[in-house]
Undergrad: 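If you scroll down you'll find the structure; I have some questions about it.
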Amino acid sequence: MIRILAALLLFTTSAFAQDYPTKPIVIVVPAAAGGPTDTLTRVVAAQMSEFLKQQMLVENAGGAGGTIGVTKAAKARADGYTLLLYHIGMATAPALYRKLQYDTLNDFDYIGQIADVPMTLIAKKTTAATNFKDFLAYAKSNKDKLTYANAGIGSASFLCGLLFMSAIDTEFTMVPYKGTGPAMNDLVGGQVDFMCDQTTNTVPQIKSGNVKVYAVTTPARLAALPDVPTLDEQGLKGFDLVVWNGLYAPKGTPKPAIDKLVAALQSAVQAPAFRARLAELGAEPVPVSKATPQSLGALLKSEVDKWGPVIRKRGIYAD
Ligand code: MLT
């Protein structure tokens with residue numbers, strides 16, 4: 001009897017492995033459409049679906065700094081047809097939210113890292129300042145009036161704001177959105193004053209003159225924005241923030257599915273079209289060695305350990 005069951009299990013698993021995926025795969029994005037994470041997801045999904053010969057659909061579930069979408073993915077069926085693409089916010093949420101409905105380090109299977117996305121400090125185009133020094137003086141003397149747009153507590157734009165405000169020892173009014181896609185619309189429209197956001201969302205707006213840019217958050221300047229100085233070279237010594245991104249599946253997703261998704265992700269990060277598109281947007285695809293479950297798992301753990309003390313020291317909680 002056991003032999004029959006073992007044979008049956010082997011048959012079904014190998015059949016699954018052979019056939020997967022047999023229907024479209026949904027990628028949950030914990031942010032509004034049109035923003036940086038949505039943009040990255042659509043670019044990588046297009047590449048992966050070529051490899052998998054199956055559609056990959058994006059489902060936006062923004063809000064609460066991304067925790068609404070991450071919760072949705074954590075509770076989804078672990079059958080290989082629901083995935084999650086999210087960023088550094090996975091690592092900051094455990095410290096910011098005391099009542100998270102998922103366990104960041106135990107509720108997901110890892111597929112791999114995807115790309116690292118620098119951030120830029122931008123402001124509405126009517127802002128008079130033409131360089132960072134003048135912007136800083138203006139911001140400090142108008143701190144009670146200026147509004148800082150972001151995607152809510154736990155988002156990358158929130159984290160950048162937190163670090164920037166600590167670095168200049170000045171607080172601004174935070175205006176939360178379901179993502180920096182809608183926040184960008186209001187910044188371009190002049191309804192909010194400034195924001196720190198990922199290049200995958202800001203480069204097109206900077207290049208078309210819809211926003212002013214004052215700095216990048218990386219230690220070195222970006223090839224996509226060679227004339228934009230770093231915060232470090234403008235006096236915020238050691239300022240270094242890059243948004244890493246990972247692909248996850250609910251815990252217990254069949255291994256054959258994970259293996260195929262890892263292979264698809266690895267083919268995507270090497271694809272010339274993917275690399276060219278990310279370069280245009282100032283982002284850096286990871287090397288294949290990082291498009292692995294082990295690499296993402298290790299990174300997430302080390303980032304949870306890194307950001308926890310930083311956030312607890314600020315004593316900020318979302319709930
Ligand atoms: C988005 O796609 O809206 C962003 O990732 C939001 C953020 O985390 O700042």
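Note that this is a predicted model, so its numbers are computed, not measured. Every number for a ligand or one of its atoms is a count from 1 in the order of the listing.
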Undergrad: Would you tell me which option among Gly154, Gly152, Ser157 has the nearest heavy-atom contact to atom 9 (O) of ligand 1?
TA: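 Checking each option, the heavy atom nearest atom 9 (O) of ligand 1 is found in Ser157.
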
Undergrad: Hey, does Gln198 sit under 4.0 Å from ligand 1 if you only count heavy atoms?
TA: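 Contact check Gln198 vs ligand 1: positive.
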
Undergrad: Check whether the ring centres of Phe194 and Tyr214 lie less than 6.0 Å apart, and answer yes or no.
TA: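 Ring centres of Tyr214 and Phe194 not closer than 6.0 Å.
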
Undergrad: Taking atom 5 (O) of ligand 1 as the point of reference, which of Leu40, Thr37, Asn150 owns the nearest heavy atom?
TA: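 Among Leu40, Thr37, Asn150, the closest heavy atom to atom 5 (O) of ligand 1 comes from Thr37.
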
Undergrad: Consider every N or O of Ala151 and every N or O of ligand 1, then say whether any pair is closer than 3.5 Å.
TA: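 Not met; the criterion fails.
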
Undergrad: Taking the side chain as every heavy atom from C-beta outward, state whether Thr104 and Tyr97 have any atom pair closer than 4.5 Å.
TA: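 No, side chains not in contact.
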
Undergrad: Taking a cutoff of less than 4.0 Å between a non-hydrogen atom of the residue and any ligand atom, is Pro36 in contact with ligand 1?
TA: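 Within the 4.0 Å threshold, so yes.
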
Undergrad: Closer than 4.0 Å to some heavy atom of Ala31 - which atoms of ligand 1 meet that?
TA: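 Answer for ligand 1: 1 (C), 2 (O), 3 (O).
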
Undergrad: Under 4.0 Å from any heavy atom of Ser155, which atoms of ligand 1 are there?
TA: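 Result: 7 (C), 8 (O), 9 (O).
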
Undergrad: Need the ligand 1 atom indices (1-based, order shown) with element for anything under 4.0 Å from a heavy-atom of Thr180.
TA: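 So the atoms of ligand 1 that pass are 1 (C), 3 (O), 4 (C), 6 (C), 9 (O).
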
Undergrad: So if I apply the side chain to side chain donor-acceptor pair (under 3.5 Å) rule between Asp38 and each of Asn60, Asn201, Thr200, which one comes out positive?
TA: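 Result for side chain to side chain donor-acceptor pair (under 3.5 Å) with Asp38: Asn60.
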
Undergrad: Side chains of Thr180 and Ser157: donor-acceptor distance under 3.5 Å anywhere?
TA: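 Thr180 vs Ser157: no donor-acceptor pair found between side chains.
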
Undergrad: Consider only side-chain N and O atoms of Thr253 and Tyr248, and report whether a donor and an acceptor are under 3.5 Å apart.
TA: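 Checked: Thr253/Tyr248 side chains show no N/O donor-acceptor pair below 3.5 Å.
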
